[in-house]
Amino acid sequence: MEGIRLRFAPSPTGPLHIGGARSALFNFLLAQKLGGKLILRIEDTDLARSSRESELNICASLKWLGITWDEGPDVGGEYGPYRQMERLDFYRKYTERLLAKGNAYYCYCTEEELEQERQEALSTGAAVKYSGKCSALSPEERKRLEAEGRKPVVRFRVPEQQEIVIDDLVRGRVVFNSEEIGDFVIVKSDGIPTYNYAVVIDDSLMKISHVIRAEEHLSNTPRQVLLYQALGFTMPHFAHISLILGKDHTKMSKRHGATSVVQYKEEGYLPEAVVNFLALLGWAPAGEEEIFSKEQLIEEFSLERVAKNPAIFDMDKLRWINGMYIRESSLEQLVELALPFLCKAGYVSENPSPEEMKWAELVMTALQERLTILREVEEQVKILLGEEVTLESEEAAAVLREETFPLVINTFREKLLALDEITPEAVKALLKSLTKELKLGGKLVYMPIRVALIGQMHGPDLYLIIAILGKELVVRRLEKIFSGLGLNSQVE
RNA sequence: GGCCCGGUGGUCAAGUGGUUAAGACACGGCCCUUUCACGGCUGCGACACGGGUUCGACUCCCGUCCGGGUCACCA
C-alpha cells in the first residue's frame with residue numbers, strides 16, 4: 001500500500017529500553033504487514049542526556065532483534081536528516097510562522113517564577129498550567145526584559161474552550177478540552193524545540209501515516225493536535241499502546257530486573273524469543289498458537305487485537321519462550337549461540353580448536369533440553385569440569401552408602417577402562433550391558449555412578465556426562481570418591 | 001489535586017447481551033524416563049464493588065474503589 005509510513009523515534013539517552021523495543025516492534029510489524037516503510041528518527045534535543053553512544057546502542061539493539069528500518073540516520077532517505085538536532089532550520093521556519101500569526105509568543109518567565117505559580121496552583125487545588133503572564137507583552141516590556149539578559153522561550157498560545165478529539169486506533173475516541181492545557185513551551189531558551197513541537201513537525205514533514213507509541217504520550221497528544229491545526233498539517237493516525245509494568249504494577253525500572261535489551265542479550269535470551277514475547281505483551285493472536293516466527297508475526301499482527309490494559313512483564317513466560325527456542329535450535333545453531341558464553345566462562349578459547357568445538361557440541365547436546373537461558377551453561381558446565389566432586393545433599397551421600405555401591409562402581413570402571421573409544425553411543429551400550437550383568441535395578445546402577453561422578457542426583461543423561469568427562473577424569477573422580485569414603489578402591 | 005487511560009484466575013490473555021467464561025506461563029498431581037529436564041495427561045484458580053438498562057449482563061450506562069499515565073525550557 002502506498003503512503004504507509006511508520007516510525008520509531010527514540011531519544012538517545014540510554015540503552016534501548018524493553019518498552020521502547022516493543023514500540024519499535026509494533027511499528028515494524030505493522031509497517032511490514034501493510035507493505036509500508038519504517039523510519040528511525042533520533043530525538044536528540046535533550047542535549048544534557050543525549051549521546052551518540054546511546055544512539056549506536058539503540059541501533060545495535062534494534063538490529064539484534066531483527067527490527068530493520070528503511071530510512072534513518074545511518075541509511076539516509078529522502079526525508080532526512082533523521083536526527084532532530086540536524087533539523088533545527090525546519091523548526092525555526094515554522095516557529096517564525098507561528099510567531100507571526102500570533103499562535104505563539106515569547107515568554108521571559110524565570111524558573112523560580114514558574115515554580116512559584118506551580119506551587120500556588122497545587123496548594124489551591126487548581127489546574128497546574130501556565131498563567132499566560134507573558135502572552136501580551138508590549139515591545140517595550142520585551143525590550144526591558146531582554147535588557148535584563150533574560151533569554152526567552154517560545155510558548156504556543158493554546159486556544160480557549162476547544163474540544164480536542166483523538167480517534168485512537170487502539171483506544172477509540174478520546175476527548176480533551178483545551179482549557180486543561182496551559183500555553184506550553186515549544187522552543188527552549190537555547191533555541192532548541194521541545195518534544196511536543198519537534199515531533200509534530202517531523203512526523204508531518206516525514207509524511208508519517210501512523211504513530212504507534214506508548215500510552216504515556218496519550219496525554220501529550222492534544223497539545224500536538226493543536227499544533228497540527230495551527231500549522232495546517234494533516235494528522236497521522238494515532239495508536240497508543242499500553243505500558244509495560246513491573247511485578248509491582250509500576251512502570252518497569254531497574255528494580256524489576258533487566259530493562260534494556262542488551263541485558264537480555266547478555267543473559268542469553270535469543271532475539272527471536274524476546275521478539276516473540278514482546279509481541280505477546282499487549283497483542284493477542286487470533287488462534288491459540290503462541291510461538292511465532294517474525295514472518296508469522298508480520299502475517300498475524302493487527303492493531304485491532306492490541307489490548308488497552310497495561311501488561312506486566314512476566315519473566316517466567318519469557319524464560320519459557322526462550323527455552324522453546326533453545327530446544328528448537330539445531331545443534332549447530334545452539335553451539336554457535338552458546339560459544340560466547342562458554343568462552344566468557346573460560347571453558348573454550350576465543351577461536352575454538354576442533355577439539356573444543358567437539359567438546360562444545362557434546363556439552364550442548366547434554367544441555368539443550370535443560371536450558372532456559374544461555375547464561376546457565378556456565379553453572380551447568382561447572383560440574384563437568386575439575387577434579388572435585390561435591391555432594392549436593394545428604395540424600396546424595398546416602399546413595400554412596402548403598403551396599404552394592406563398590407561393586408557397581410568397580411565393575412563400571414573396569415568396563416570403562418576396557419573401552420578404547422569414549423563415544424556417547426559406546427558409553428550408552430556399556431551402561432546397558434552393565435545393568436544386565438549386575439542384575440540390579442537401573443536405579444541402583446545409574447544413580448551411584450551419577451552421584452559418584454557429579455555429586456548430584458540430577459543432571460544430563462549419564463552417558464553424556466561420562467562422554468564429556470572423558471575416561472581419565474571419570475577414573476580420577478571415582479578414586480576421589482572411594483578415598484573420601486575410606487573404601488578400598490581396588491586399583492590394579 | 002485537575003485531566004486522560006485502564007480493571008476477566010498469581011501472570012499474559014480470548015471474549016463484544018444468552019458460553020460449562022477459551023488458551024498459555026507459573027503452581028499441584030499422574031504418566032514417560034536411570035535422575036532432573038523435555039513431552040503427554042490432569043487439577044487448582046477469574047469477570048473489582050454498588051446501582052441501573054434488559055426477559056437476560058463479564059459484555060451497555062452511572063457511581064465508587066483500585067492501578068497507571070500526564071499536567072517540564074525530558075522525551
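Throughout, protein chains are lettered first and strands after them, A, B, ... in sequence-line order, and every chain is numbered starting at 1.
In terms of heavy-atom proximity, A:Cys109 sits nearest to A:Lys133 at SG-CE, 3.6 Å.
Counting any heavy atom pair closer than 4.0 Å across all strands shown, A:Arg305 reaches sugar-phosphate atoms only and no base atom. Within 4.0 Å (heavy atoms only), A:Lys308 reaches sugar-phosphate atoms of the nucleic acid but no base atom. Among the atoms of the strands shown, only primed sugar atoms or phosphate atoms (P, OP1, OP2) are found under 4.0 Å from some heavy atom of A:Glu216. Looking at heavy-atom distances under 4.0 Å, A:Gly287 makes no contact with the nucleic acid at all. Within the nucleic acid shown, A:Glu290 comes within 4.0 Å of at least one base atom, counting heavy atoms only. Within 4.0 Å of A:Thr13, counting heavy atoms only, lies no atom of the nucleic acid at all. Backbone-only engagement by A:Val175 is indicated by non-hydrogen atom pairs under 4.0 Å involving sugar-phosphate atoms exclusively. Across all strands, A:Arg213 comes closer than 4.0 Å to no nucleic acid atom at all (heavy-atom distances). Backbone-only contact: A:Met447 has heavy atoms under 4.0 Å from sugar-phosphate atoms and none from a base. Contacts of A:Asp168 with the nucleic acid, taken as non-hydrogen atoms under 4.0 Å apart, are absent.
Put simply, A:Lys188 has a side-chain N or O that comes within less than 4.0 Å of OP1 or OP2 on B:C74. Between A:Arg327 and B:G39 there is a side-chain polar atom (N or O) within less than 4.0 angstrom of OP1 or OP2. Listed pair A:Thr194 / B:A72 fails the phosphate criterion, with no side-chain N or O lying under 4.0 Å from OP1 or OP2.
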N/O to N/O distances under 3.5 Å, protein versus nucleotides 40-45 of chain B:
none

Atom pairs under 3.5 Å: protein N/O with N/O of nucleotides 58-61 of chain B:
none

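Residues forming a ring pair (Phe, Tyr, Trp, His ring centres under 6.0 Å) with A:Phe28 (at least two apart in sequence, or on another chain): none. Applying the side chain to side chain donor-acceptor pair (under 3.5 Å) rule to A:Arg223 yields no partners; only residues at least two apart in sequence or on another chain are considered. For A:Glu117, the side chain to side chain donor-acceptor pair (under 3.5 Å) partners two or more places apart in sequence, or in a different chain, are A:Ser131. Residues forming a side chain to side chain donor-acceptor pair (under 3.5 Å) with A:Thr95 (at least two apart in sequence, or on another chain): A:Tyr197. For the side chain to side chain donor-acceptor pair (under 3.5 Å) test, no residue two or more places apart in sequence or in another chain qualifies with A:His210. Under the side chain to side chain contact (heavy atoms under 4.5 Å, CB included) criterion, A:Ala307 pairs with A:Asn309, not counting sequence neighbours.
Spacing between atom CG of A:Leu218 and atom C1' of B:G2 amounts to 16 Å, rounded to whole angstrom units. One atom, NE2 of A:His458, and another, P of B:C38, lie 13 Å apart when rounded to the nearest Å. Taking atom CG of A:Asn220 as the reference point, atom P of B:G68 lies 19 Å away to the nearest angstrom. Going from atom CD1 of A:Ile321 over to atom P of B:A13 covers 12 Å, rounded to whole Å. Atom-to-atom, NE2 of A:His240 to P of B:G68 comes out at 20 Å; the value is rounded to the nearest Å. A:Asn309 has its CG atom 6 Å from the P atom of B:A13, to the nearest Å. A:Leu334 places its CG atom 16 Å from the P atom of B:C38, with the value rounded to the nearest Å.
Nucleotide B:C27 forms a Watson-Crick or G-U wobble pair with B:G43, both donor-acceptor distances falling under 3.5 Å. Judged by Watson-Crick or G-U wobble contacts below 3.5 Å, the nucleotide B:U54 has no partner. A 3.5 Å limit on both hydrogen-bonding distances identifies no Watson-Crick or G-U partner for B:U33. Pairing for B:A22 is absent, with no Watson-Crick or G-U wobble pair whose two atom distances lie under 3.5 Å.
Each side-chain hydrogen bond (donor to acceptor under 3.5 Å, both in side chains) pair with one or both residues in residues 443-462 of chain A, not counting sequence neighbours, would appear here, but there are none. Annotation: salt bridge (Lys or Arg N to Asp or Glu O under 4.0 Å) contacts involving residues 175-204 of chain A, sequence neighbours excluded, comprise A:Arg7-A:Asp203, A:Arg41-A:Asp202, A:Arg41-A:Asp203, A:Arg87-A:Asp202.
Considering only the side chain of A:Ala284, B:A13 comes nearest among B:A13, B:C71, B:G23.
Within residues 151-162 of chain A, the residues having any heavy atom under 4.0 Å from RNA chain B are, by residue number, A:Val153, A:Arg155.
You won't find any donor-acceptor pair under 3.5 Å spanning the side chain of A:Ser242 and the base of B:G6, going by distance alone.
At least one cation-pi condition fails for A:Arg92 and A:Tyr94: the charged atom is not both under 6.0 angstrom from the six-membered ring centre and inside a 45 degree cone around its axis.
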Quiz item: Could you write nucleotides 25-31 of chain B as a row of B, S and -, 5' to 3', where a protein heavy atom under 4.0 Å of any base atom gives B, of only sugar-phosphate atoms gives S, and otherwise -?
Solution: B------

